[in-house]
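Here is the structure we will look at.
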2 protein chains.
Amino acid sequence: MTSTRGEFALLDETWASVTPPAARRMLIAAAAAFSVRGYHATTTRDIAAQAGMSPAAVYIHYRSKEELLFQISRVGHTTSLSVLTRVPDGPPTTRLAAAVRAFASWHAEFHTTARVVQYELSALTPEHLAEVAELRRRIEAAVRDMVEAGVRAGEFDVPDVRGAVLAVLSLCIDVARWFKPDRGRTPEEIGDLYADLVLRMVGASAP
Amino acid sequence: MTSTRGEFALLDETWASVTPPAARRMLIAAAAAFSVRGYHATTTRDIAAQAGMSPAAVYIHYRSKEELLFQISRVGHTTSLSVLTRVPDGPPTTRLAAAVRAFASWHAEFHTTARVVQYELSALTPEHLAEVAELRRRIEAAVRDMVEAGVRAGEFDVPDVRGAVLAVLSLCIDVARWFKPDRGRTPEEIGDLYADLVLRMVGASAP
């Protein structure tokens with residue numbers, strides 16, 4: 001039951017920033033449609049149908065199909081950055097484990113959104129891509145800071161910090177590709193597994 | 001220079017099984033086209049144009065666009081399975097490191113093909129998907145065998161073998177998403193980095 005409540009809280013939080021509700025409903029419909037047929041093969045008409053609205057209604061809230069993709073990408077990156085960075089203070093080992101647990105779980109829970117966010121970057125306009133790239137740099141920096149703190153504190157043993165950070169992020173992001181709800185592990189179990197594997201990757205001395 | 005020769009050898013090997021050369025050229029063109037706009041938004045006309053052939057020529061070699069996707073997927077999975085399994089005999093630590101090095105490098109080298117193979121599975125017919133799923137089970141079994149051999153030999157310490165195997169494969173496959181040629185690490189360097197990280201994940205005692 002705790003798990004279910006947690007999921008709804010995360011769901012609310014991920015899309016809550018999108019208002020009014022009609023715009024939010026359209027964004028969720030667009031993410032679902034893009035994930036099934038890809039961005040280029042999806043029309044605004046498909047998205048409107050999925051949201052149960054008229055095609056014209058799309059343009060009340062979004063200038064274009066690309067604007068929908070950008071908003072999905074912006075919300076997705078902002079939420080995953082916040083999930084990663086709001087871990088409580090504590091020793092680097094505890095913080096990195098908590099961050100990885102939350103980040104990996106988020107990619108399981110929001111696999112549909114995360115897939116669109118990760119695989120359709122090349123469809124963004126240069127201006128929108130630049131904005132998303134800045135969020136991606138902040139996500140990378142957050143993990144790098146945690147790994148470097150662990151090395152400085154003597155808790156981690158990492159010969160190649162940039163390489164390890166790349167692998168940690170990659171591992172968590174790829175959850176969105178293979179995760180299937182109601183089959184195998186829950187998002188929380190994936191978070192626990194990955195926290196343990198990442199501590200091993202950074203050679204954490206206090207497991 | 002060794003690296004470049006290695007890459008060409010691998011390139012030859014990946015597509016060599018596809019004959020005649022016109023069919024091979026078309027498959028390579030299809031993989032490139034699918035990777036840019038996605039399977040659903042790509043037409044056989046686009047593929048023919050990319051291959052420098054007439055649209056009718058596609059149907060001499062392939063029954064449909066889905067048949068092209070299936071052949072790309074079949075070749076991609078078969079080659080990556082062979083890359084993974086032909087590591088020389090030796091202690092489990094050495095074998096797993098060699099397998100991961102080769103599998104991760106392959107996903108960097110063939111990132112275009114690998115992306116199509118991984119992200120468009122849902123566009124395959126049920127019959128074709130079943131065939132590809134069998135190759136995916138063999139890939140998973142190959143890695144599981146190596147990890148279990150290491151546990152039995154007392155070289156690895158793995159609390160959750162299935163979870164570790166899932167993560168090892170996921171880590172290598174996701175290289176196809178983020179890899180960019182001529183920027184940052186070479187496929188060989190990624191292979192070396194990942195071999196080290198995976199040995200840490202399985203708690204290899206003899207690095």
Side-chain angles (χ1 to χ4, degrees), chain A residues 33-43 46 100 104 107 114-123 136 140 156-180 184-185 189-190 192-204 207, chain B residues 33-43 46 100 104 107 114-123 136 140 156-180 184-185 189-190 192-204 207:
Chain A
F34 292 156
S35 81
V36 172
R37 293 183 49 87
Y39 172 79
H40 293 289
T42 302
T43 63
D46 297 333
V100 165
H107 280 85
R115 272 181 216 166
V116 171
V117 162
Q118 296 296 338
Y119 303 159
E120 304 283 12
L121 284 174
S122 65
R136 294 173 80 85
E140 196 189 328
F156 300 163
D157 162 33
V158 186
D160 175 351
V161 169
R162 281 194 177 266
V165 169
L166 175 72
V168 169
L169 288 171
S170 171
L171 193 62
C172 294
I173 288 170
D174 194 52
V175 170
R177 178 184 57 81
W178 59 259
F179 180 77
K180 294 208 173 42
R185 297 164 197 263
E189 286 165 347
I190 293 164
D192 288 341
L193 171 68
Y194 276 34
D196 173 61
L197 289 172
V198 165
L199 291 189
R200 288 163 168 253
M201 280 164 67
V202 299
Chain B
F34 292 155
S35 80
V36 172
R37 292 182 48 87
Y39 173 79
H40 293 289
T42 302
T43 63
D46 297 334
V100 166
H107 280 84
R115 273 181 217 168
V116 172
V117 161
Q118 297 296 339
Y119 304 159
E120 304 284 11
L121 283 174
S122 64
R136 293 174 79 86
E140 196 189 328
F156 300 163
D157 162 32
V158 185
D160 175 351
V161 169
R162 282 194 177 265
V165 169
L166 175 72
V168 168
L169 288 171
S170 171
L171 192 63
C172 294
I173 288 170
D174 193 52
V175 170
R177 178 184 57 81
W178 59 259
F179 180 77
K180 293 205 173 43
R185 298 165 198 262
E189 286 165 347
I190 293 164
D192 288 340
L193 171 68
Y194 276 34
D196 174 62
L197 290 171
V198 165
L199 291 190
R200 287 164 168 253
M201 280 163 67
V202 298

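A note on names: the letters A, B, ... follow the listed sequences, proteins ahead of strands, and every chain is numbered from 1. In what follows, every heavy atom counts, from backbone to side chain, and hydrogens, waters and symmetry copies are set aside.
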Task: Interchain contact, A/I173 with chain B, by part (heavy-atom threshold 4.5 Å) - done: side chain

Open item on the list: With a 4.5 angstrom heavy-atom cut-off, is it the side chain or the backbone of B/Y194 that approaches chain A, or both, or neither?
Closed with: side chain

Open item on the list: Looking at chain B, which one of A/S170, A/A164, A/A123, A/G203 has the largest number of heavy-atom pairs inside 4.5 Å, strictly under?
Closed with: A/S170

Task: Pick from A/G38, A/G184, A/S122, A/P159 with the largest number of heavy-atom pairs that fall under 4.5 Å of chain B - done: A/P159

Task: Closest heavy-atom pair and its distance - B/D160, A/R185 - done: OD2-NH1, 2.8 Å

Task: Steps toward side-chain contact (heavy atoms from CB on, under 4.5 Å) verdict (A/L166, B/W178) - done: CA-CA 9 Å; A/L166 175 72; B/W178 59 259; 3.5 Å; yes

Task: Test item: B/R200 and A/D157 side chains (from C-beta on) under 4.5 Å apart, heavy atoms - done: yes

TODO: Compare all side-chain heavy atoms of B/D174 with those of A/Q118 and state whether any distance is below 4.5 angstrom.
DONE: no

TODO: Identify which part of B/V198 has an atom lying under 4.5 Å from any heavy atom of chain A, answering side chain, backbone, both or neither.
DONE: neither

Task: For A/L197 against B/A167, the heavy-atom pair lying closest together - done: CD1-CB, 3.4 Å

Open item on the list: Ignoring hydrogens, what is the shortest heavy-atom contact between A/R136 and B/R177? Give both atom names and the distance.
Closed with: NH2-NH1, 3.6 Å

